[in-house]
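Nothing here was measured: the structure is a model prediction, and the numbers come from that model.
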Amino acid sequence: MRILVTGGAGFIGQHIVAAHLEAGHEVRVLDALLPAVHPAYPDGPPGLDGVELVVGDVRDAATVDRVLAGVDAVNHQAAMVGLGIDVQDMPLYAGINDLGTAVLLAGMARADVGQLVFASSMVVYGEGRYECPDHGVVPAAPRRKADLDAGTFDPPCPHCGRQLTWGRVGEETAPDPRNTYAATKLAQEHLSSAWARSTGGTAVGLRYHNVYGPHMPRDTFYAGVASIFRSSLESGKPPQVYEDGGQMRDFVHVTDVAQANLRAWEHPPAESTLRVYNVASGVPHTVGDMAQALAEAFGGPDAEVTGQYRIGDVRHVVASPSRAEEELGYSAAVAFEDGMREFATAPLRAAPQQP
C-alpha cells in the first residue's frame, strides 16, 4: 500500500512513517516544516531517509492534488498542536487544522482515494467523566477564574456544588471542546465524517492522549507537557507543574501511537463512516507524578508545583481504551516507568526557528 502521511516530519509523524515502512508500506510525506515547530534542517528532516518528501502546505489544493497522485490511502497528521499562546492563535489553528483538512478531503475525493486515518485528540472531550454522590454522572461546569485563583481546581457538581469523582471517558462521551485547539480537532472529525458519507470512503479518527517519547520538539509553546518538562531539566531548571499537580492524564508512548495507526489500516470501518478510538495506555497518572518521575530519571532537579494555571486547561481527562482493544486489537506496550526512564535521556528535536 502506498500511503501519504501529512505532517510526516513531525514528532508523531516520523514515528508513524517508520512503523509504516517497517510494515512494508510505501510512504510519501507532505510537510510544511513550519518554523513554529521545526528547526532549520541543513540536511533535511531526520528519520525520512529514503522517503519521498514534499515540502508544502496542506491548505494548497494544487500541492494536495500532486501528492495524492498514485496513493492508496492517507494518514493525516499535519496540524497545529497544543494550546498555543492566546486567542490570537485562533486563525492559525483554524486555518491549518480545519481548512487544511477540508482541502485534503476535497483532494481525496478528486483523486478517488477512499481510506483515511487521522490524528484526533482527547481534548475533544473537554473535562472528563465525573460523578456526584447525590446526582450521579453529571457534566462538569466550566471552571471559574475566581475558583482557580483561590486554588480550587476540581470542578464542582453543577447542581449541588459537591466535589466530583473523576472517571474514564469512552468514545460515546459527548464532545465538549474547551479551547481553540479542541474546537479545531472536533471540526476535523465532523469534516471527515461528512467526507466518508459523501464519497463512500472510510475514516478512522484516533483520539491521542498525552503522547511522549523520543524526538519531541523542545523549547516551544506548542509542545506537549512532557517535552516542556524535559526542556526545563536540560536547562538545569525544575519542571514547573501547574495547579496542584493533581491533574489526571494518560501518558502514552509515541511508538504505541504509531502501532495504533497501523492497526487502523488493518481494521477499517465496515461502512462508509467515521469511527473514533481512544489511543491511551489505560493506566492514568497525575501530571505531578509524571514530572517527578521524569526529574528522578534525569537526575534532578525535583519538580516544583506552582499553583499557576491556564484558563483553557481541563482538570482530569482519562480514557477507556476498551474499544481500541476490542476492535483494533491495540493495546499499549510501553509501561509508564519504562517510558519515562527512556524519555529522560532520549534525543529531542532541536529548538524551532526564531521569528
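With hydrogens and angles ignored, the 3.5 Å screen pairs a side-chain donor or acceptor of Arg168 with a backbone N or O of Ala319. Between the side chain of Asp256 and the backbone N or O of Ala333 there is at least one donor-acceptor pair closer than 3.5 Å. Of the possible donor and acceptor atoms, one in the side chain of Thr306 sits under 3.5 Å from a partner among the backbone N and O of Val241. A donor-acceptor contact shorter than 3.5 Å links the side chain of Arg143 to the backbone of Phe153. Distance alone, capped at 3.5 Å, is enough to place a donor-acceptor pair between the Ser281 side chain and the Val283 backbone. Checking side-chain atoms of Asp176 against main-chain N and O of Glu127 turns up no donor-acceptor pair under 3.5 Å. Formation of a donor-acceptor pair under 3.5 Å by the Tyr277 side chain with backbone atoms of Ser322 is not found in this model. Side-chain atoms of Arg323 come within 3.5 Å of backbone N or O of Val276 as a donor-acceptor pair. A donor-acceptor contact shorter than 3.5 Å links the side chain of His15 to the backbone of Pro214. Of the possible polar contacts, one joining the Gln247 side chain to the Tyr242 backbone as a donor-acceptor pair under 3.5 Å is found.
At a threshold of 4.5 Å between non-hydrogen side-chain atoms, the residues Asp302 and Pro238 do not count as touching. When side chains are defined from C-beta on, Met122 does not count as touching Val169, because their heavy atoms never get closer than 4.5 Å. Between His215 and Pro347 the shortest side-chain heavy-atom distance falls below 4.5 Å. Using a 4.5 Å heavy-atom threshold, the side chains of Val29 and Glu52 count as separate. Within the 4.5 Å cutoff, the side chain of Tyr330 has heavy atoms near those of the Val279 side chain. In this structure, Leu206 and Val204 have side chains that are in contact, with non-hydrogen atoms separated by less than 4.5 Å. Counting heavy atoms from C-beta on, the side chains of Val211 and Phe11 come closer than 4.5 Å. Under the 4.5 Å side-chain criterion, counting only non-hydrogen atoms from C-beta, Val225 is in contact with Met290.
Between Ala78 and Gly7, the closest heavy-atom pair is CB-N, 3.7 Å. In this structure, Cys157 and Cys132 approach most closely via the heavy-atom pair SG-SG, 3.7 Å. What you find for Gly107 and Asp65 is that their closest heavy atoms are CA-OD1, 4.0 Å. Residues Gly126 and Arg178 approach most closely at CA-CG, 4.1 Å, considering heavy atoms. In plain terms, the two heavy atoms of Ala183 and Pro177 that are nearest each other are N-CB, 3.7 Å. When all heavy atoms of Pro45 and Ala9 are compared, the closest pair comes out as CB-CB, 4.0 Å.
Residues Val27 and Val55 fall within the same hydrophobic cluster, defined by Ile, Leu, Val, Met, Phe, Trp and Tyr side chains chained together at heavy-atom separations under 4.5 Å. Leu233 is connected to Phe251 through a chain of hydrophobic side-chain contacts under 4.5 Å among Ile, Leu, Val, Met, Phe, Trp and Tyr, so both are in one cluster. Under a hydrophobic clustering in which Ile, Leu, Val, Met, Phe, Trp and Tyr are joined whenever their side-chain heavy atoms come within less than 4.5 Å, directly or via other members, Val5 and Met216 fall into the same cluster. Cluster membership check: Val17 shares its hydrophobic cluster with Met1, using side-chain heavy-atom separations under 4.5 Å among Ile, Leu, Val, Met, Phe, Trp and Tyr. By the rule that hydrophobic residues join a cluster once side-chain heavy atoms approach within less than 4.5 Å of another member, Leu30 and Val117 end up as members of separate clusters.
For Tyr212 and His253, the ring centers are positioned less than 6.0 Å apart.
Remark: Thr345 OG1 to Leu294 CG distance equals 10.0 Å, nearest 0.5 Å. Thr184 contributes atom OG1, which lies 10.0 Å from atom CG of Leu92 (distance to the nearest 0.5 angstrom). From Lys237, atom NZ reaches atom CZ of Phe229 across 14.5 Å, with rounding to the nearest 0.5 Å. In this structure, Ile311 CD1 and Lys145 NZ are separated by 7.0 Å, a value rounded to the nearest 0.5 Å. Rounding to the nearest 0.5 Å gives a distance of 8.0 Å between CD1 of Ile3 and CG of Asp72. Note: Gln115 CD to Asn75 CG = 10.0 Å, rounded to the nearest 0.5 Å.
Inspection of the Trp265 and His25 side chains reveals no N or O donor paired with an N or O acceptor under 3.5 Å. In this model, a donor atom of one side chain and an acceptor atom of the other lie less than 3.5 Å apart for Tyr208 and Gln77. For the residue pair Asp149 and Tyr309, a side-chain donor N or O sits within less than 3.5 Å of a side-chain acceptor on the partner.
The neighbour count for Glu266 CD, taken as heavy atoms of other residues, nucleotides or ligands under 6.0 Å away, is above 12. Atom CD of Glu22 is surrounded by 12 or fewer heavy atoms from other residues, nucleotides or ligands within 6.0 Å. More than 12 heavy atoms of other residues, nucleotides or ligands lie within 6.0 Å of CD in Glu234, so this atom counts as buried by the packing criterion. Within 6.0 Å of atom CZ in Arg144, 12 or fewer heavy atoms from other residues, nucleotides or ligands are found, so the atom counts as exposed in its surroundings.
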Worksheet item: What's the verdict on salt bridge (Lys or Arg N to Asp or Glu O under 4.0 Å) for Glu26 and Arg28, showing C-alpha distance, side-chain angles and the deciding distance?
Response: CA-CA 7 Å; Glu26 293 184 54; Arg28 176 182 294 158; over 6 Å; no
Practice prompt. Walk me through it: do Gln240 and Ser232 pass the test side chain to side chain contact (heavy atoms under 4.5 Å, CB included)?
Written response: CA-CA 8 Å; Gln240 300 290 294; Ser232 294; 5.5 Å; no
Practice prompt. Evaluate salt bridge (Lys or Arg N to Asp or Glu O under 4.0 Å) for Arg315 paired with Glu243, printing each intermediate quantity in order.
Written response: CA-CA 9 Å; Arg315 181 61 174 171; Glu243 301 184 16; 2.8 Å; yes
Fill in: Worked check of side chain to side chain contact (heavy atoms under 4.5 Å, CB included) between Met108 and Val74
CA-CA 8 Å; Met108 290 176 66; Val74 173; 3.8 Å; yes
Worksheet item: Which is it for Ser192 and Leu105 under the side chain to side chain contact (heavy atoms under 4.5 Å, CB included) test, yes or no, and what are the steps along the way?
Response: CA-CA 7 Å; Ser192 299; Leu105 293 171; 4.2 Å; yes
Worksheet entry | Test side chain to side chain contact (heavy atoms under 4.5 Å, CB included) applied to Leu68 and Val71, step by step | CA-CA 6 Å; Leu68 284 170; Val71 305; 3.9 Å; yes
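A cation-pi contact links Arg230 to Phe343, judged by a cut-off of 6.0 Å to the six-membered ring centre and 45° from its axis.
Electrostatic pairing of Lys185 and Glu189 does not count as a salt bridge here, judged by no charged N lying under 4.0 Å from a carboxylate O.
Residue Tyr125 is tested with Val318, Asn278, Val314 for a side-chain contact (heavy atoms from CB on, under 4.5 Å); the sole match is Asn278.
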